[in-house]
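Before any comments, here is the structure.
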2 protein chains.
Amino acid sequence: MSDMTAAQDSPHPPQRLGLLLAWHGSITETRMKKALSTAGLTPRHAMTLMHLEDGPIGQRALAERLEVDPSVLVGILNDLEGEGLAVRRRDPADRRRHNVAITEAGSSALAKTNAALDEVELSLFSAFSQQDQDALRTLLGRIDSNAEHFECGE
Amino acid sequence: MSDMTAAQDSPHPPQRLGLLLAWHGSITETRMKKALSTAGLTPRHAMTLMHLEDGPIGQRALAERLEVDPSVLVGILNDLEGEGLAVRRRDPADRRRHNVAITEAGSSALAKTNAALDEVELSLFSAFSQQDQDALRTLLGRIDSNAEHFECGE
DNA sequence: TATTGTTATACTCTATAACTATA
DNA sequence: TATAGTTATAGAGTATAACAATA
């Protein structure tokens, strides 16, 4: 179960606006994941490749951007490197550092996944006019501005 | 990492509308979870109590509503029963069945969690007028109607 | 034989800390 | 000593199947 947002296929969306948002977010995420796996990548691998598109980067910094532990990134990169989608190169300036770069094969794999994501979004928001999309984006953005209030917690 | 929606605290929301939706949904879910845990319950236990409010129910049916495996529900109910928030009673009509019911302590625990959820939603959507809330609800509902197209997948 | 609840097992994820090699 | 990357280990969560009691 996806915890608070269970029952994705059930016809019973939650009533609370917050849970409703989490629910639709979870459904969307699931759909996007499926699209990626169809394109041959896990979400993690895809997100990693996306970040690599900005240019070579050390594993530490990459792990921070992806919000994964460096030890987790090792496994992701092993996979990507094994499939020839990314490469690790020792940084001559600091031989401790591995600079990670996307390969041509990686770029073309990424292009495929982007196409798959486009398709999903097109379908998810097919009932949306451009105005609707903008409206949703704006509303979501207003939630975000509130996010700051909650850093502490437990 | 929450997979596709990593970096919740980072100031870098994704650009794609689909990923943006998943991202905000994930943030919201995280906040709601925190509120629940502050109220002393895990999301699972809280959701279970919420379903129990509709009246006693067999574990099979309850597991279906929660979209968890019956074997998982066993653990949840063991916890809830241990804390006196729910009880299992053999159904005299069919002695295989356990009818699960919420206790008074469970109801009051649930009331606390609902108050906590109210507070989070109030904060998350504090910049929202009633119209905005309705607009968001409507937009989200339009996504849902599209969901059917995607049952197959992989 | 089918069904309800339970237990057991294996598999994935995640979080933590120890380890190496460089600095 | 501190840092970059790696490895190892333990914990939570999930999925699956086997199981006992009852129908």
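Chain A is the first sequence line, chain B the second, and so forth, proteins listed ahead of strands; every chain is numbered from 1. All of these numbers come straight from a predicted model, not from anything done at the bench.
For A:L73 and D:dT3, the CG to P distance is 19 Å, given to the nearest whole Å. Distance B:D69 CG to D:dG13 P: 15 Å, rounded to the nearest Å. The distance from atom CG of B:L77 to atom P of C:dT4 is 15 Å, rounded to the nearest whole Å. Regarding B:E64, its CD atom lies at a distance of 12 Å from the P atom of C:dT3, rounded to whole Å. In this structure, A:N99 atom CG and C:dT22 atom P are separated by 15 Å, rounded to whole Å. Between the NZ atom of A:K33 and the C1' atom of C:dC13 there is a distance of 11 Å, given to the nearest Å. When rounded to the nearest whole Å, the span between CD of A:E67 and P of C:dC13 equals 19 Å. The distance between atom CG of A:L62 and atom P of D:dT3, rounded to the nearest whole Å, is 19 Å.
Of all the heavy atoms in A:L62 and A:I57, the pair that sits closest is N-CD1, 3.6 Å. Considering all non-hydrogen atoms of both residues, A:A86 and A:L52 come closest at CB-CD1, 3.9 Å.
OP1 or OP2 of C:dT14 lies within a sub-4.0 Å distance of a side-chain N or O belonging to A:R44. In terms of phosphate contacts, A:R88 brings a side-chain nitrogen or oxygen within less than 4.0 Å of OP1 or OP2 of D:dT6.
Distance check: A:F125 CZ to A:Q130 CD gives 11.5 Å after rounding to the nearest 0.5 Å.
Using a 4.5 Å cut-off on side-chain heavy atoms (C-beta onward), A:P70 and A:R60 make contact. Within the 4.5 Å cutoff, the side chain of A:E81 has no heavy atoms near those of the A:V100 side chain. Here the side chains of B:V120 and B:K34 are not in contact, with every heavy-atom distance at 4.5 Å or above.
Every residue meeting the side chain to side chain contact (heavy atoms under 4.5 Å, CB included) condition with B:N78, not counting sequence neighbours, appears here in chain and number order: B:V74, B:R88. Under the rule for a side chain to side chain contact (heavy atoms under 4.5 Å, CB included), the partners of A:R90 that lie at least two apart in sequence or sit in another chain are A:R95, A:H98. Residues meeting the side chain to side chain contact (heavy atoms under 4.5 Å, CB included) test with B:S107, sequence neighbours left out: B:I102.
Comparing the helix axis at one end of the helix from C:dT1-D:dA23 to C:dA23-D:dT1 with that at the other, each defined from 5 consecutive pairs, gives an inter-axis angle of 20° (nearest 10°).
A:H45 and A:T48 share no side-chain donor-acceptor pair at under 3.5 Å.
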*Tell me, for nucleotides 18-23 of chain D in 5' to 3' order, what letter each nucleotide earns: B for a base near a protein heavy atom under 4.0 Å, S for only sugar-phosphate near one, - for neither?*
----BS
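Between the A:S26 side chain and the A:A22 main chain, no donor and acceptor come within less than 3.5 Å of each other.
Residues from residues 54-61 of chain A lying near DNA chain D, meaning a heavy-atom separation below 4.0 Å, are A:G58, A:Q59, A:R60 in numerical order.
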